[in-house]
Amino acid sequence: MTTQLECLDEHRCFGGRQLRYRHRSESVDGDMTFSIFLPPGNEDTAMPVLWWLSGLTCTDQNFVQKAGAQRKAAELGLIIVCPDTSPRDAGVPGEDDRYDLGSGAGFYVDATQDPWSEHYRMYDYVTRELPSVIREHFNVAQAQSISGHSMGGHGALVCALKNPGKYASVSAFSPIVNPTECQWGVDAFQTYLGEDRASWSEYDACELVRKNTARQPLLVEQGEADNFLDEQLKPDRLEAVCQELDHPLTLNMRPGYDHSYFFIASFIDEHLDYHARHLSGA
Ligand SMILES: N[C@@H](CCC(=O)N[C@@H](CSC=O)C(=O)NCC(=O)O)C(=O)O
């Protein structure tokens with residue numbers, strides 16, 4: 001069945017187009033919004049997709065408006081798709097009460113617990129349904145890569161580690177690497193997945209590295225002045241498990257940079273170059 005897309009916004013940008021759409025999602029049983037950048041020339045040439053997963057409190061618009069990625073994406077011929085970070089107005093009691101649970105905080109998991117499980121199925125949405133919608137409506141090549149920030153960095157690492165071969169490359173800015181061991185993650189996983197901690201490990205990058213045999217290189221960018229570094233993000237945990245298992249990791253610690261989109265904007269071009277190299281098979 002064809003998915004209907006409703007265009008909400010359109011701007012010409014660096015010779016390409018920055019667009020925003022709403023559609024009915026089967027995964028979350030509700031309407032979802034996403035943004036997509038189409039580089040110049042995409043009318044005639046299929047281009048690879050970079051998925052960008054955003055963090056807590058974000059919509060599909062934060063990256064579009066703050067990261068400054070379009071100039072480089074236009075040059076490289078990279079389509080960038082930014083999904084929203086959760087269902088909206090799902091009717092779950094308390095969904096708008098906290099910034100780190102519910103709206104804007106889907107954590108890219110498929111919830112198993114009532115009343116969340118009917119709608120909070122963001123893993124299925126970003127790995128299966130939205131890619132299929134994008135293939136149906138846009139001129140995309142087969143190859144895709146994935147990146148994200150904070151909760152979205154966790155999402156990007158998890159999507160890649162759970163699906164060897166699916167993404168040509170994966171990178172993350174300030175990711176939550178060990179959500180089963182930090183307050184943001186524990187609160188979200190208890191709420192969405194229940195008390196069985198074994199199910200939590202399915203969405204924890206540090207745990208997934210232990211099960212992963214594909215050994216796809218991980219690229220992580222982390223600001224040293226990030227106020228969430230020690231309590232929530234804990235990149236040293238990922239560094240330790242990767243070292244133990246000989247899993248390739250490049251962890252760039254950046255003195256003076258914080259958790260904001262100013263940090264992302266400072267290094268996004270390097271990440272886009274990295275993904276473009278992998279997507280072209282170079
Ligand atoms: N309001 C909260 C923190 C919210 C915050 O910093 N969100 C980050 C992502 S954090 C991890 O997923 C973000 O990207 N915000 C949007 C932006 O445009 O900067 C608090 O104050 O603690």
Side-chain angles (χ1 to χ4, degrees), residues 9 18 20 33-35 37 50-70 80-88 94-109 111 120 122-123 125-126 146-160 170-193 200 203-206 218 220-238 251 253-254 256-268 271:
D9 202 17
Q18 182 64 60
R20 190 176 197 211
T33 302
F34 68 88
S35 289
F37 175 70
L50 175 69
W51 295 92
W52 176 268
L53 306 184
S54 286
L56 293 169
T57 73
C58 291
T59 68
D60 56 298
Q61 290 278 278
N62 294 65
F63 181 82
V64 168
Q65 294 175 355
K66 292 180 163 183
Q70 290 94 342
I80 304 181
V81 182
C82 305
D84 200 353
T85 55
S86 75
R88 304 279 168 181
E95 68 186 336
D96 295 323
D97 289 357
R98 285 174 58 164
Y99 80 90
D100 55 356
L101 269 182
S103 300
F107 267 84
Y108 306 102
V109 305
Y120 278 70
M122 288 299 291
Y123 177 73
Y125 178 68
V126 301
I146 192 162
S147 187
H149 172 231
S150 197
M151 175 185 74
H154 137 77
L157 294 172
V158 163
C159 290
V170 54
S171 76
F173 288 78
S174 338
I176 305 167
V177 301
N178 197 191
T180 59
E181 299 291 341
C182 74
Q183 204 57 55
W184 277 344
V186 168
D187 288 355
F189 287 6
Q190 253 166 1
T191 303
Y192 299 142
L193 304 173
W200 299 11
Y203 296 106
D204 183 303
C206 285
L218 311 175
V220 172
E221 216 66 47
Q222 177 62 60
E224 287 184 1
D226 186 323
N227 53 333
F228 299 118
L229 183 59
D230 298 328
E231 296 293 316
Q232 309 286 359
L233 308 176
K234 308 177 193 269
D236 46 306
R237 303 274 180 98
L238 185 65
L251 172 59
M253 297 300 296
R254 303 294 188 180
Y257 286 91
D258 61 21
H259 197 66
S260 70
Y261 267 84
F262 293 106
F263 170 51
I264 297 170
S266 304
F267 295 99
I268 192 65
H271 282 237

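Order of appearance sets the numbers: ligands from 1, and atoms from 1 within every ligand. As the structure is a computational prediction, the values presented were derived from the model and not from experiment.
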Kindly assign one of parallel, tilted or perpendicular to the pair Phe228 and Trp184, based on the angle between their ring planes and the thresholds 30° and 60°.
tilted
Ring pair (Phe, Tyr, Trp, His ring centres under 6.0 Å) partners of Tyr261, counting only residues at least two apart
His149
Check the side chains of Ser171 and His271 for a donor-acceptor pair under 3.5 angstrom, ignoring hydrogens and angles.
yes
What are the polar N/O contacts of ligand 1 with the protein below 3.5 Å, with distances?
unit_1, atom_1, unit_2, atom_2, d
ligand 1, 7 (N), Leu56, O, 3.0
ligand 1, 12 (O), Leu56, N, 2.8
ligand 1, 12 (O), Ser150, OG, 2.8
ligand 1, 12 (O), Met151, N, 2.9
ligand 1, 18 (O), Asn62, ND2, 2.8
ligand 1, 18 (O), Lys66, NZ, 2.7

For Thr191, side chain to side chain contact (heavy atoms under 4.5 Å, CB included) partners two or more places apart
Leu101, Trp116
Sequence neighbours excluded, the answer for side chain to side chain contact (heavy atoms under 4.5 Å, CB included) partners of Ser86 is Arg88, Ser103, Tyr120
Does the plane of the ring in His154 sit parallel, tilted or perpendicular to the ring in Phe107? Use 30° and 60° as the thresholds.
tilted
